Amino acid sequence: MAAAAEVSNKRVILKRYVTGFPSEDDMELVPATARLAVPRGSNAVVVKNLYLSCDPYLRSRMSGNDEPSHVPDFVQGEVLTTLGVSKVVESGHQDYKPGDLVWGLTGCEEYTLITNLESHFKINHPELPLSYYTGVLGMPGLTAYVGFFDVAKPKKGEYVFVSAASGAVGQLVGQLAKISGCYVVGSAGSDEKVNLLKTKFGFDDAFNYKKEQDLDATLKRCFPEGIDIYFENVGGAMLDAVLLNMRLHGRVSVCGLISQYNLEQSEGVRNLFCIITKRIRMEGFIVTDHYGTYRKFEEEMAGYLKDGKITYVEDVAEGIESFPTALIGLFYGRNVGKQLVAVARE
């Protein structure tokens, strides 16, 4: 047997645990090599990573937490992992062959040996942009779908508010709400993003929260009748203002709290009494609990994309070396749309 090829494999490692806002210096690009072979008799695959996803939840894995979380912390000095789109180059698994396209958890590197494929999916629609499987056809898309339909349970004609509305998840929640016959308003952190919400994603209204002095007054202006569904991505002051403006039997689908991820002391919420008086249901969810519905979701979303009912905006950084800067940009609102890194086009 010929010896397995060794190839250059640049990778991004966690240099140190983070307190407060992360910086590029907390990560490091290091040279390495990868063997394009799987251990004899194993079910592993070696993949070439094409696109890597930058997601806010990765911040919680960079802290070295005392309390265990729903995702384990990264290990100092070891390669970061994230969701990505990859091509199989070597396989010991009967269901995967070289050339297969997959998405799932992979390393922040050029090549990865994957030993557990339980949460990986073969890509069924390679005719659509492969990068979409880091976003609209991947985890963020399923997050929007599950959080809106299964958690918030919308009815036609309801009033929906989405925070961080131009991000990977928010832009989809708004469009799914419009498809469902709802009235939708989004908040974002720049005038460019607000314009995108109204002109490209079809939101009924949108505002730049950085320009609003009084969020309660802003929400009363946008929702004179109140809010039926709040898709929560930010937390903090926005959640407090929303609770004052919820309608009776409103639902809050809690997807993320990006305003809190870099604080050493989380902010409290003052208006929780509204949950009682307005009979609000507030529910958090983790998308991996819903991977069983992925194939149904993939077909439905691919249909919407092909029919032009849903549009998706990506912010693509080029090259594995751009991963640290791209990830950090999420916490400063630098990205416009879904942030990802193109490691290789093929």
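Just so it is clear, the structure is predicted and the values come from calculations on it, not from any experiment.
- A salt bridge does not link Lys198 to Asp204: none of the charged side-chain nitrogens sits closer than 4.0 Å to a carboxylate oxygen.
- Counting all heavy atoms, side chain and backbone alike, Lys338 lies closest to Ala168 at CD-CB, 3.4 Å.
- Annotation for Arg295: atom CZ counts as buried by contact number, over 12 foreign heavy atoms lying within 6.0 Å.
- Each of Leu113 and Val75 belongs to its own hydrophobic cluster when Ile, Leu, Val, Met, Phe, Trp and Tyr are linked at side-chain heavy-atom distances under 4.5 angstrom.
- Side-chain atoms of Thr325 do not come within 3.5 Å of backbone N or O of Ser322 as any donor-acceptor pair.
- The backbone N or O of Val102 sits nowhere less than 3.5 Å from a side-chain atom of Lys122 that would complete a donor-acceptor pair.
- Between the side chain of Ser259 and the main chain of Val234, a donor-acceptor pair closer than 3.5 Å is present.
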Leu80/Ile13 under side chain to side chain contact (heavy atoms under 4.5 Å, CB included): CA gap, chis, key distance, verdict: CA-CA 5 Å; Leu80 302 178; Ile13 64 165; over 6 Å; no

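- In the model, Ser131 has a side-chain atom that pairs as donor or acceptor with a side-chain atom of Glu314 under 3.5 Å.
- Rounding to the nearest 0.5 Å gives a distance of 10.0 Å between CG of Asp73 and CD of Gln76.
- We find the CD1-CG distance between Ile123 and Asp100 to be 10.0 Å, quoted to the nearest 0.5 Å.
- Side chains of Met27 and Met62 form a contact here, defined as non-hydrogen atoms less than 4.5 Å apart.
- Side-chain heavy atoms closer than 4.5 Å link hydrophobic residues (I, L, V, M, F, W, Y) into clusters, and following such links, even through other members, never connects Val38 to Leu117.
- Under the 4.5 Å side-chain heavy-atom criterion for Ile, Leu, Val, Met, Phe, Trp and Tyr, Leu244 and Val242 are members of distinct hydrophobic clusters.
- Using a 4.5 Å heavy-atom cutoff, the side chains of Gln171 and Val313 are in contact.
- Aromatic ring pairs are classed by plane angle as parallel below 30°, tilted from 30° to 60° and perpendicular above 60°; the pair Tyr230 and Phe161 is parallel.
- The minimum heavy-atom distance between Phe231 and Thr143, with the atom names listed, is CZ-O, 4.2 Å.
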Salt bridge (Lys or Arg N to Asp or Glu O under 4.0 Å) for Asp25 and Lys15? Distances and angles first, verdict last. CA-CA 8 Å; Asp25 292 342; Lys15 199 153 81 176; 5.3 Å; no

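- Panel note: side chain Asn245, backbone Leu219; no donor-acceptor pair is recorded below 3.5 Å.
- With rounding to the nearest 0.5 Å, the separation of CD1 in Ile310 from CE in Met301 is 4.0 Å.
- Checked by atom type and distance alone, the side chain of Gln339 pairs as donor or acceptor with a backbone atom of Asp315 at under 3.5 Å.
- With contacts defined as side-chain heavy-atom distances shorter than 4.5 Å, the pair Phe201/Leu196 qualifies.
- Contact of the Thr106 side chain with the Leu52 side chain is registered, since non-hydrogen atoms from C-beta on lie closer than 4.5 Å.
- Ion pairing between a basic and an acidic side chain is recognised when a charged N comes within 4.0 Å of a carboxylate O; Glu212 and Arg221 show such pairing.
- Within a 6.0 Å sphere centred on CD of Glu127, heavy atoms belonging to other residues, nucleotides or ligands number more than 12.
- Side-chain contact of Tyr133 with Glu298: a donor-acceptor pair under 3.5 Å is present, judged by distance alone.
- Closest of all the heavy-atom pairs between Ser163 and Met238 is CB-CG, 4.4 Å.
- Between Tyr96 and His93, the ring planes lie perpendicular to each other; the angle is over 60°, past the 30° to 60° tilted range.
- Atom CD of Glu299 is surrounded by more than 12 heavy atoms from other residues, nucleotides or ligands within 6.0 Å.
- We find the CD1-CZ distance between Ile328 and Arg334 to be 8.0 Å, quoted to the nearest 0.5 Å.
- Annotation: the span from Arg16 atom CZ to Ser23 atom OG amounts to 5.5 Å, rounded to 0.5 Å.
- Other residues, nucleotides and ligands contribute only 12 or fewer heavy atoms inside 6.0 Å of the NZ atom of Lys200.
- The ring of Phe331 has its center no closer than 6.0 angstrom to the ring center of Phe21.
- Under the 4.5 Å side-chain criterion, counting only non-hydrogen atoms from C-beta, Ser86 is not in contact with Thr112.
- Asp289 places no side-chain N or O within 3.5 Å of a backbone atom of Phe285 that could act as its donor or acceptor partner.
- Phe297 and Val173 end up in the same hydrophobic cluster when Ile, Leu, Val, Met, Phe, Trp and Tyr side chains are linked at under 4.5 Å.
- Closest heavy-atom contact between Ala302 and Leu137: N-CD2, 3.9 Å.
- Remark: side-chain polar atoms of Lys193 are paired, donor with acceptor, to backbone N or O of Gly333 under 3.5 angstrom.
- Separation of atoms OG (Ser119) and OH (Tyr291) is listed at 6.0 Å; rounding is to 0.5 Å.
- Residue Phe203 comes nearest to Gly174 through the heavy atom pair CZ-CA, 3.5 Å, listed as atom of the first residue, atom of the second, then distance.
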Side chain to side chain contact (heavy atoms under 4.5 Å, CB included) between Tyr145 and Glu300: does it pass, once the steps are laid out? CA-CA 10 Å; Tyr145 186 88; Glu300 197 171 321; 2.8 Å; yes

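- At a threshold of 4.5 Å between non-hydrogen side-chain atoms, the residues Val47 and Tyr111 do not count as touching.
- Of all heavy-atom pairs between Tyr183 and Cys222, the closest is CE2-O, 4.1 Å.
- Partner of Glu158 under the salt bridge (Lys or Arg N to Asp or Glu O under 4.0 Å) criterion, chosen from Lys153, Arg247, Arg251: Arg251.
- Enclosure of atom NZ in Lys220 by more than 12 non-hydrogen atoms of other residues, nucleotides or ligands within 6.0 angstrom is indicated.
- Between the side chains of Glu110 and Asn49, no donor-acceptor pair of N or O atoms lies under 3.5 Å.
- Using modelled atom types and a 3.5 Å distance limit, the side chains of Asp55 and Ser53 yield a donor-acceptor pair.
- The closest donor-acceptor contact from the side chain of Asp307 to the backbone of Lys309 lies at 3.5 Å or more, if one exists at all.
- Of the N and O atoms on the side chains of Thr33 and Asn9, not one donor lies less than 3.5 Å from an acceptor on the other residue.
- A salt bridge links Asp191 to Lys211: at least one charged side-chain nitrogen sits closer than 4.0 Å to a carboxylate oxygen.
- Using a 4.5 Å heavy-atom cutoff, the side chains of Val343 and Tyr51 are not in contact.
- Note on Val46: it does not cluster hydrophobically with Ile320, by side-chain heavy-atom contacts below 4.5 Å among ILVMFWY residues.
- Checked by atom type and distance alone, the side chain of Asp240 pairs as donor or acceptor with a backbone atom of Asn271 at under 3.5 Å.
- Using a distance-only test at 3.5 Å, with no hydrogens or angles considered, no donor-acceptor pair links the side chain of Ser180 to the main chain of Cys182.
- Inter-residue side-chain proximity for Arg345 and Leu50 is flagged as unmet; no heavy-atom pair is nearer than 4.5 Å.
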Run the numbers on Met139 and Tyr57 for side chain to side chain contact (heavy atoms under 4.5 Å, CB included), then give the verdict. CA-CA 12 Å; Met139 180 275 286; Tyr57 83 89; 4.0 Å; yes

With side chain to side chain contact (heavy atoms under 4.5 Å, CB included) as the test, would you mind laying out the steps for Trp103 and His120 before giving the verdict? CA-CA 6 Å; Trp103 77 268; His120 284 71; over 6 Å; no

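- For the residue pair Arg61 / Thr81, a side-chain donor-acceptor distance below 3.5 Å is found, with atom types taken as modelled.
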